[in-house]
Amino acid sequence: MGDVEDEALLGIGAFARRARLSAKALRLYDRQGLLPPDRVDPVTGYRYYREDRLQAARLIVRLRGLDMPLATVAEVLAAPGPRAAELVAAYWESVEHRIAAQRELASHLRIRLAGDEGRSDMYRIEEREVPEQLVLTEQRHARPEDLPVWIPEATGRLVAAAGEYGGVAAAPFVVYHGEVNEDSDGPVEVCVPVAAAQADGVAHAHRTEPAHREAYTTVTKAQVAYPQILSAYDAVFEWAKAGDRTVVSAPREVYFADWAAAADGEPVCDIAVPVE
């Protein structure tokens, strides 16, 4: 019976060649529980695999070709077909998001290392008039790593509160009353505009944002990531300086798009600076 069983199985060398894997990789996948052998010789420790395991082995090869972590590979192997496809799609979406952010970071670093911080010819700078606005606000001190969590959460709370006052009247914006970097924490203020007619009945924290003229440039979702967003700020400030325009208030980010639905390359935000 032992001879018959061995004849029906592939040794680790033959299996590795047909799967386009190394024997070392097969041993690793055995330890990780991804692809355990069907039989291990109790005396020699030699591993044997059924031929129909080649499909799983070849799938692992292809998933690893995407640089997929072994933990995610295990999830894909364990999932039924449609769910496995969803896992692959979600993983690749995260890869594309990371690459888009890294591309913008590389651009930011190139600008800085070349000595042309915020070079304005990389951004289209425009001007506009902004009317006086009644805004619900939430403010805190924050580090760069806090902002991707706190800004959406605070915006969500204020948008919900705006429903009590007729809804959101204009694009939410974030004001930086102090620098936010590795050494400074703002403070930062999230603002959601509501109808000015509601001013007398607003119970939430609020203030009036004065009418002003502002210079601004539009950035994509990938460009919003820190620190590459600093290049856009530098560009607007450089434009103002070159035109002898005085900055009269704190810089801000105006979020005019649905952040969750936007792709990395789609415009989502204006980097704006009030000027004289």
Side-chain angles (χ1 to χ4, degrees), residues 108 111-112 117-120 123-159 161-162 168-194 196 199 202 204-221 223-257 259 267-276:
H108 167 75
I111 292 170
R112 284 183 173 262
E117 291 185 276
R119 201 172 64 193
S120 59
Y123 297 90
R124 180 181 178 181
I125 313 297
E126 299 181 88
E127 290 184 272
R128 64 189 172 202
E129 299 293 337
V130 180
E132 180 179 278
Q133 298 178 94
L134 174 66
V135 296
L136 306 183
T137 75
E138 190 171 320
Q139 182 170 303
R140 64 165 286 186
H141 290 271
R143 297 289 183 181
E145 60 270 20
D146 302 325
L147 299 181
V149 175
W150 177 69
I151 289 177
E153 289 181 348
T155 302
R157 287 190 290 268
L158 294 175
V159 167
V168 178
F173 57 96
V174 181
V175 182
Y176 292 86
H177 296 287
E179 290 190 26
V180 175
N181 53 40
E182 291 85 350
D183 303 311
S184 181
D185 62 357
V188 183
E189 181 186 24
V190 175
C191 301
V192 171
V194 295
V202 176
H204 292 77
H206 64 283
R207 67 176 179 84
T208 298
E209 172 71 13
H212 61 271
R213 186 172 185 80
E214 65 185 21
Y216 70 97
T217 189
T218 301
V219 296
T220 66
K221 186 174 181 178
Q223 290 173 320
V224 170
Y226 179 87
Q228 45 266 47
I229 193 172
L230 298 181
S231 289
Y233 275 106
D234 291 339
V236 178
F237 277 106
E238 183 180 290
W239 177 91
K241 181 179 179 181
D244 292 324
R245 307 298 295 278
T246 302
V247 175
V248 296
S249 187
R252 68 272 324 270
E253 297 160 10
V254 183
Y255 289 92
F256 55 78
W259 179 270
V268 296
C269 172
D270 291 332
I271 306 302
V273 176
V275 293
E276 199 170 62

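Side-chain contact between Tyr123 and Thr218: absent, with no pair of heavy atoms (C-beta onward) separated by less than 4.5 Å. By the 4.5 Å heavy-atom criterion applied to side chains, Val219 and Val224 are counted as neighbours. Within the 4.5 Å cutoff, no side-chain heavy atoms of His141 are placed close to those of Val188. You'll find the side chain of Val247 reaches within 4.5 Å of the side chain of Phe237, heavy atoms only. A 4.5 Å side-chain heavy-atom check between Pro210 and Glu132 finds every atom pair outside the cut-off. By the 4.5 Å heavy-atom criterion applied to side chains, Phe173 and Asp270 are not counted as neighbours. The side-chain heavy atoms of Tyr216 and Val273, taken from C-beta on, include no pair separated by under 4.5 Å.
Asp183 has no carboxylate O lying under 4.0 Å from a charged side-chain N of Arg143, or vice versa, which leaves the two without a salt bridge. One finds a salt bridge joining Glu189 and Arg207 here, because a Lys/Arg side-chain nitrogen approaches an Asp/Glu carboxylate oxygen to under 4.0 Å. Between Glu126 and Arg128, no side-chain nitrogen of the basic residue sits less than 4.0 Å from a carboxylate oxygen of the acidic one, so the salt-bridge criterion is not met.
The CD atom of Glu214 lies 11.0 Å from the CD1 atom of Ile271; values are rounded to the nearest 0.5 Å. Separating the CG atom in Leu230 from the CD atom in Glu179 is a distance of 9.0 Å, to the nearest 0.5 Å. Remark: Leu136 CG to Leu158 CG distance equals 6.0 Å, nearest 0.5 Å. Remark: Arg213 CZ to Glu129 CD distance equals 4.5 Å, nearest 0.5 Å. The distance from the CG atom of Asp234 to the NZ atom of Lys241 is 11.5 Å, given to the nearest 0.5 Å.
Shown here for Thr220 and Val268, the closest heavy-atom pair between the two residues is C-CG2, 3.8 Å. Considering every non-hydrogen atom in both Val192 and Pro172, the closest pair reads CG2-CB, 4.1 Å. The minimum heavy-atom distance between Pro152 and Val149, with the atom names listed, is CD-O, 3.3 Å. Closest non-hydrogen pair, Pro193 versus Val135, comes out as CA-CG1, 3.8 Å. For the pair Phe256 and Ala171, the tightest heavy-atom approach, listed with the atom from each and the gap, is CA-CB, 4.1 Å. The minimum heavy-atom distance linking Val194 with Ala169 is given by the pair C-CB, 3.6 Å.
Atom CD of Glu127 sits in a crowded spot, with more than 12 heavy atoms from other residues, nucleotides or ligands closer than 6.0 Å.
A donor-acceptor pair is defined here as one N or O able to donate and one able to accept, closer than 3.5 Å; such a pair exists between the side chain of Arg252 and the backbone of Ala250. Side-chain atoms of Thr208 never come within 3.5 Å of backbone atoms of Leu134 as a donor-acceptor pair (strictly under, hydrogens ignored). Thr137 contributes no side-chain N or O that, together with a main-chain N or O of Val190, makes up a donor-acceptor pair within less than 3.5 Å. A side-chain donor-acceptor contact under 3.5 Å links Thr155 to the backbone of Ile151. With hydrogens and angles ignored, the 3.5 Å screen pairs a side-chain donor or acceptor of Lys221 with a backbone N or O of Trp259.
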Derivation of the side-chain hydrogen bond (donor to acceptor under 3.5 Å, both in side chains) call for Tyr176 and Glu253: CA-CA 8 Å; Tyr176 292 86; Glu253 297 160 10; 3.1 Å; yes
Working note: Glu138 + Trp150, criterion side-chain contact (heavy atoms from CB on, under 4.5 Å); need CA distance, chi angles, decisive distance, verdict. CA-CA 10 Å; Glu138 190 171 320; Trp150 177 69; 3.5 Å; yes
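Partner of Val175 under the side chain to side chain contact (heavy atoms under 4.5 Å, CB included) criterion, out of Pro187, Ser249, Cys191: Cys191 alone.
For the pair Arg245 and Trp239, the cation-pi criterion (under 6.0 Å, within 45° of the ring axis) is not fulfilled.
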